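Below is one structure, written out as structure tokens, with a few remarks after it.
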Amino acid sequence: MIVLSQMLAARVLRPIDVQVARLLLRLSGSTSPQLAIAGALASWATGQGHTCLPLSAVSGRLAEAGLDGSGFIDPGVVRAALLATSVVGRPGDHCPLILDEADRLYLLRFFRYEESIALALRERVQGIEAIPTAPALALLAELFPPVAEKQETIDWQRTAAGLALLKRFVVISGGPGTGKTYTVARILAALAALAPGKLRVGLAAPTGKAALRLQESIRTAKATLPPQWVDAIPDQALTLHRLLGFRSSPLGFIHNSTNPLHLDLLILDEASMIDVPLMAAMLAALPSSCRVILLGDRDQLASVEAGNLFGDICGNGDCGWSTALTTYLRPLTGSTYASSLSPEAKPDTIADAIVLLQSSHRFQDQGGIGALSRAVKSGRGEALEAVLRQSYPDLQVVEQVGLTHSPWLREQLERFFTPLFTATSAQAALRELGQRRILCALREGVSGVEGINRLAESIFRRRGLIGAGEHCYPGMPIIILRNDYTQNLFNGDTGIVWPDSQGLIQAWFPHPDDDTIRPISLARLPPWQTSYAITVHKSQGSEFGEILLLLPHEDVPVLSRELLYTGITRAREALVVYGRKELLLRAIERRVVRYSGLGEQLRRKRASKPDCYQAQ
């Protein structure tokens with residue numbers, strides 16, 4: 001159809017989207033323009049991180065491309081035209097496209113992903129687990145002793161632990177420094193102590209670096225526990241793909257509904273990075289008795305791939321716990337919880353599984369990083385301007401005056417990365433790389449990752465730290481772009497190029513099992529790129545001592561509240577933001593929108609099981 005060619009030329013569609021539309025027309029024997037355009041855009045939507053396409057969005061998408069969208073203004077007309085074809089069905093049908101009651105158009109597999117996740121989680125959140133109240137109370141009192149200087153009236157960490165004892169599915173959301181892994185280490189100790197036998201526990205995260213950070217955090221948290229609990233807590237974390245047993249032929253996972261994992265408890269960290277297909281596969285591979293605890297920050301960027309899983313589960317963050325839950329939780333924590341629900345409102349069963357940790361122990365109240373992150377998260381321009389008017393020792397905002405010709409930026413690049421070239425070993429260079437990093441909003445352009453990496457190399461070549469004609473050189477930071485299970489390397493893993501004891505140039509990476517590093521031949525690496533700068537998306541699951549957050553010179557759609565918040569909160573000790581103030585103000589008003597029906601499916605109705613089982 002001519003309109004598909006026009007949309008392709010206008011870059012509204014990708015070539016694969018056009019092929020999907022043509023396949024749908026051929027399968028249906030139809031020439032329906034509604035099917036062609038809506039089908040192509042449903043395919044496009046999954047490539048943009050959505051799981052579905054609202055019919056109400058079609059006319060606007062056409063208008064953005066300068067095309068006539070008048071035939072799509074009335075979703076009812078479009079719905080009727082789509083359902084008149086043989087390739088569009090309703091929920092429960094087996095058709096290439098599914099159109100639900102809210103006029104969301106799905107590719108079949110994405111509808112089934114959301115449906116299976118919603119069913120699995122709604123089943124898990126039902127009821128209260130039977131636990132011996134007196135021993136549980138004694139455990140929590142020992143694991144979470146009162147803190148004299150604590151300002152909160154409710155100990156939310158102890159509350160999260162109490163919730164994890166009572167529910168088979170729990171979400172613990174909180175920003176950096178709110179103590180998520182500190183809390184989960186104590187949850188592990190309590191569950192292990194109350195279990196009738198040895199507790200089979202899995203620790204996992206969506207990426208290799210996130211798994212490594214979870215492992216390190218659990219080991220650190222174990223050092224704060226009474227000695228009798230340490231041995232019961234595992235500290236070996238895996239990527240989700242490795243836990244499930246990824247296989248390329250046939251494509252899929254070794255562990256699935258017919259070959260489930262042998263686990264009693266699964267802890268998943270950095271859950272905001274988990275996409276919908278991966279979550280569906282993980283839940284299918286778990287026995288129904290297995291407890292699941294998700295850790296994450298609902299204010300961070302959503303996963304790169306399709307879906308807004310963690311955001312959909314957390315909803316608006318308003319707990320609204322049921323009276324039945326608080327009745328069981330209060331004796332375990334000694335706290336009283338006020339419900340935000342009106343007396344006539346029906347409790348949301350998924351909300352009974354969610355707890356938000358409130359206070360950050362990483363950012364001091366008087367610190368600039370914490371103040372800026374709170375202002376960005378609030379979305380209020382006046383709050384952001386108030387922070388920008390203040391002077392903080394850990395925060396600097398530099399008005400952007402240019403990029404490639406900016407003496408200030410060049411000085412920062414030299415300050416950040418000269419230690420990579422003057423380090424005495426690969427391990428020392430990796431430590432230096434972990435201290436400082438440049439984060440960009442974009443991949444391309446002079447203000448993107450590619451431009452900054454080129455600028456950095458040109459600076460160090462002129463200084464003689466990179467030899468003429470050297471493409472791989474000692475001190476070169478690199479980042480892995482694709483998982484390679486044979487090398488135990490994963491997308492986002494960071495390494496350093498350095499000679500071995502024989503003078504042979506190798507790529508060095510942290511060892512997944514201990515604090516050492518390991519060399520890998522450059523010829524055996526999966527796809528990689530130079531990484532003086534990385535995108536904010538790639539930085540998820542990491543933290544650095546100092547961050548330079550580099551904004552583009554002009555406003556772009558990718559600049560959002562979530563992107564700024566994620567970039568800001570990667571810094572532990574110092575943050576420099578290089579960009580124009582008006583871009584910051586625009587960005588915090590822009591939210592990332594992901595089309596999805598999962599949140600509605602999770603909250604659609606209460607399951608038929610009783611609210612609570614009798615606790616012993």
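Source: prediction; values computed, not measured.
- Taking the side-chain hydrogen bond (donor to acceptor under 3.5 Å, both in side chains) definition, one finds that Arg79 meets it with Asp103, sequence neighbours left out.
- The side-chain heavy atoms of Asp275 and Leu309, taken from C-beta on, include no pair separated by under 4.5 Å.
- Checking side-chain atoms of Arg124 against main-chain N and O of Cys290 turns up a donor-acceptor pair under 3.5 Å.
- Identified under the ring pair (Phe, Tyr, Trp, His ring centres under 6.0 Å) test for residues 92-111, with sequence neighbours left out: Tyr106-Phe111, Phe110-Tyr113.
- Using a distance-only test at 3.5 Å, with no hydrogens or angles considered, a donor-acceptor pair links the side chain of Gln540 to the main chain of Leu301.
- For Arg590, the salt bridge (Lys or Arg N to Asp or Glu O under 4.0 Å) criterion is met by Asp555, not counting sequence neighbours.
- Using a 4.5 Å heavy-atom threshold, the side chains of Ile172 and Leu163 count as separate.
- Distance alone, capped at 3.5 Å, is enough to place a donor-acceptor pair between the Asp352 side chain and the Ser322 backbone.
- In this structure a side-chain-to-backbone donor-acceptor pair under 3.5 Å is missing from Gln157 to Thr183.
- Residues Leu442 and Thr535 are not in side-chain contact: their nearest non-hydrogen atoms beyond the backbone lie 4.5 Å or more apart.
- Side-chain atoms of His50 do not come within 3.5 Å of backbone N or O of Ala45 as any donor-acceptor pair.
- The pair Arg594-Glu562 fails the salt-bridge criterion, with no side-chain N (NZ, NE, NH1 or NH2) lying under 4.0 Å from an Asp/Glu carboxylate O.
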Full working for side chain to side chain contact (heavy atoms under 4.5 Å, CB included) between His537 and Thr566: CA-CA 8 Å; His537 268 101; Thr566 302; over 6 Å; no
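- Residues Thr207 and Glu270 have side chains that never bring a donor and an acceptor to within less than 3.5 angstrom of each other.
- Applying the side-chain hydrogen bond (donor to acceptor under 3.5 Å, both in side chains) test to Glu305 and every residue at least two apart in sequence or in another chain returns nothing.
- Ile218 places a side-chain heavy atom less than 4.5 Å from the side chain of Val184.
- Residues Val18 and Met7 have side chains not in contact (no heavy-atom distance under 4.5 Å, counting atoms from C-beta outward).
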Result block: side-chain N/O donor-acceptor pairs under 3.5 angstrom for residues 81-89, not counting sequence neighbours:
{"residue": "Thr85", "atom": "OG1", "partner": "Leu82", "partner atom": "O", "Å": "2.7"}

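- Looking at residues two or more places apart in sequence or on another chain, you find a salt bridge (Lys or Arg N to Asp or Glu O under 4.0 Å) between Arg61 and Glu64.
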Intermediate values then yes/no, side chain to side chain contact (heavy atoms under 4.5 Å, CB included), Thr51 and Leu598: CA-CA 9 Å; Thr51 56; Leu598 179 59; over 6 Å; no
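- In this structure the side chain of Leu261 reaches within 4.5 angstrom of the side chain of Leu244, judged on heavy atoms.
- Ser596 and Asp312 share a side-chain donor-acceptor pair at under 3.5 Å.
- Residues Ile350 and Arg122 form no side-chain contact, since every pair of their non-hydrogen atoms from C-beta on lies 4.5 Å or further apart.
- Arg603 places a side-chain N or O within 3.5 Å of a backbone atom of Ile313 that can act as its donor or acceptor partner.
- Using a 4.5 Å cut-off on side-chain heavy atoms (C-beta onward), Met282 and Ile274 make no contact.
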Stepwise side chain to side chain contact (heavy atoms under 4.5 Å, CB included) test for Cys314 and Val171: CA-CA 8 Å; Cys314 290; Val171 176; 3.9 Å; yes
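- Put simply, the side chain of Gln34 never gets that close to the backbone of Val78: no donor and acceptor are under 3.5 Å apart.
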